[in-house]
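Report on the structure given below.
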Amino acid sequence: TGWHVPSDTEWTTLTDYLTVNGYGYGGSGSDIAKSMATTSGWTSNGTVGNVGNDQSSNNASGFSALPGGFRYSAFEGIGGYVYWRSSTQSNTSYAWYRHVDNNYSDVYSSEFFAKWVGMSVRCLRD
C-alpha cells in the first residue's frame, strides 16, 4: 500500500532528470548508468565510463542499482546487469523495461522480453 511499479513515462522522467542535471559520465551526456549503479558487486569491465569500470566512482545519484540479472529459464546475469520492469504494457505479452549493464554507460529501454521473464522492480511512493 502506498507504492507502485513505475510506468515507462516515470522511468523516462528519472533518466531525463539525471541527464539534464549532469549525472552523465564526466558531468554531461546521457551516459548515466554509472551514476545509478552501486559502488560494488558489478562484473569488472576495463572500458572507462562503463558501470563495471572503477566501481568506486559509481552511484553519484544515490539510486544504488544492484546487478540482479533476470530470470529466464534460470537466473542469469547476476553481477553483470539488471532489468527493471515498468508497469507500461506494449501489448498483452510484453511490457517496457529499463536495463543497466556492466559493459555499457547508458540506461536502455526496450520491450524485447515477454512479461513472464522475471525482472526486478523498483517501486515509487504514491
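Keep in mind that this is a model prediction, so the values were computed, not measured.
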Check the angle between the aromatic planes of F113 and Y83 and answer parallel, tilted or perpendicular using the 30° and 60° thresholds.
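Perpendicular, since the angle between the ring planes exceeds 60°.
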If hydrophobic clusters are built from ILVMFWY residues whose side chains come within less than 4.5 Å, do [X] and [Y] share one?
{"X": "Y94", "Y": "F70", "result": "no"}
{"X": "L66", "Y": "V121", "result": "no"}
{"X": "Y97", "Y": "Y72", "result": "yes"}

Any chance the side chains of [X] and [Y] put a donor and an acceptor closer than 3.5 Å?
{"X": "N45", "Y": "N53", "answer": "no"}
{"X": "R71", "Y": "S120", "answer": "no"}
{"X": "Q55", "Y": "K34", "answer": "no"}

Mark yes or no for whether [X], through its side chain, and [Y], through its backbone, hold a donor-acceptor pair below 3.5 Å.
{"X": "S90", "Y": "E111", "answer": "no"}
{"X": "R85", "Y": "V117", "answer": "yes"}
{"X": "N58", "Y": "T38", "answer": "yes"}
{"X": "S7", "Y": "E10", "answer": "yes"}

Return the [atom1] to [atom2] distance between [X] and [Y], rounded to the nearest 0.5 Å.
{"X": "S86", "Y": "D8", "atom1": "OG", "atom2": "CG", "answer": "5.0 Å"}
{"X": "S44", "Y": "N50", "atom1": "OG", "atom2": "CG", "answer": "11.5 Å"}
{"X": "Y81", "Y": "D101", "atom1": "OH", "atom2": "CG", "answer": "7.5 Å"}
{"X": "Y23", "Y": "L14", "atom1": "OH", "atom2": "CG", "answer": "10.5 Å"}
{"X": "N21", "Y": "S35", "atom1": "CG", "atom2": "OG", "answer": "10.5 Å"}

Are side-chain heavy atoms of [X] and [Y] found at a separation under 4.5 Å?
{"X": "N102", "Y": "P67", "value": "no"}
{"X": "H99", "Y": "V82", "value": "no"}
{"X": "T15", "Y": "I32", "value": "yes"}
{"X": "F112", "Y": "W96", "value": "no"}
{"X": "V107", "Y": "M36", "value": "yes"}
{"X": "T88", "Y": "T9", "value": "no"}

Intermediate values then yes/no, side-chain hydrogen bond (donor to acceptor under 3.5 Å, both in side chains), N59 and T39
CA-CA 6 Å; N59 206 28; T39 58; over 6 Å; no
Considering only residues two or more places apart or on different chains, which pairs with a residue in residues 38-62 satisfy ring pair (Phe, Tyr, Trp, His ring centres under 6.0 Å)?
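For residues 38-62, and leaving out neighbouring residues, there are no ring pair (Phe, Tyr, Trp, His ring centres under 6.0 Å) pairs at all.
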Residues in ring pair (Phe, Tyr, Trp, His ring centres under 6.0 Å) with Y108, at least two apart?
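Scan of Y108 (ring pair (Phe, Tyr, Trp, His ring centres under 6.0 Å), adjacent residues dropped) gives Y104.
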Under the rule for ring pair (Phe, Tyr, Trp, His ring centres under 6.0 Å), what residues qualify as partners of W84, not counting sequence neighbours?
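W84 satisfies ring pair (Phe, Tyr, Trp, His ring centres under 6.0 Å) with W11, F63 only.
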Taking all atoms of both residues into account, what is the closest heavy-atom pair of L124 and P6, and its distance?
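So the two residues come closest at CD1-CB, 3.7 Å.
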Please find the pair of heavy atoms, one from V5 and one from C123, that lie closest to each other, and give the distance.
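It is CG2-SG, 4.5 Å.
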May I have the step-by-step check of side chain to side chain contact (heavy atoms under 4.5 Å, CB included) for V51 and S105, ending in yes or no?
CA-CA 6 Å; V51 171; S105 59; over 6 Å; no
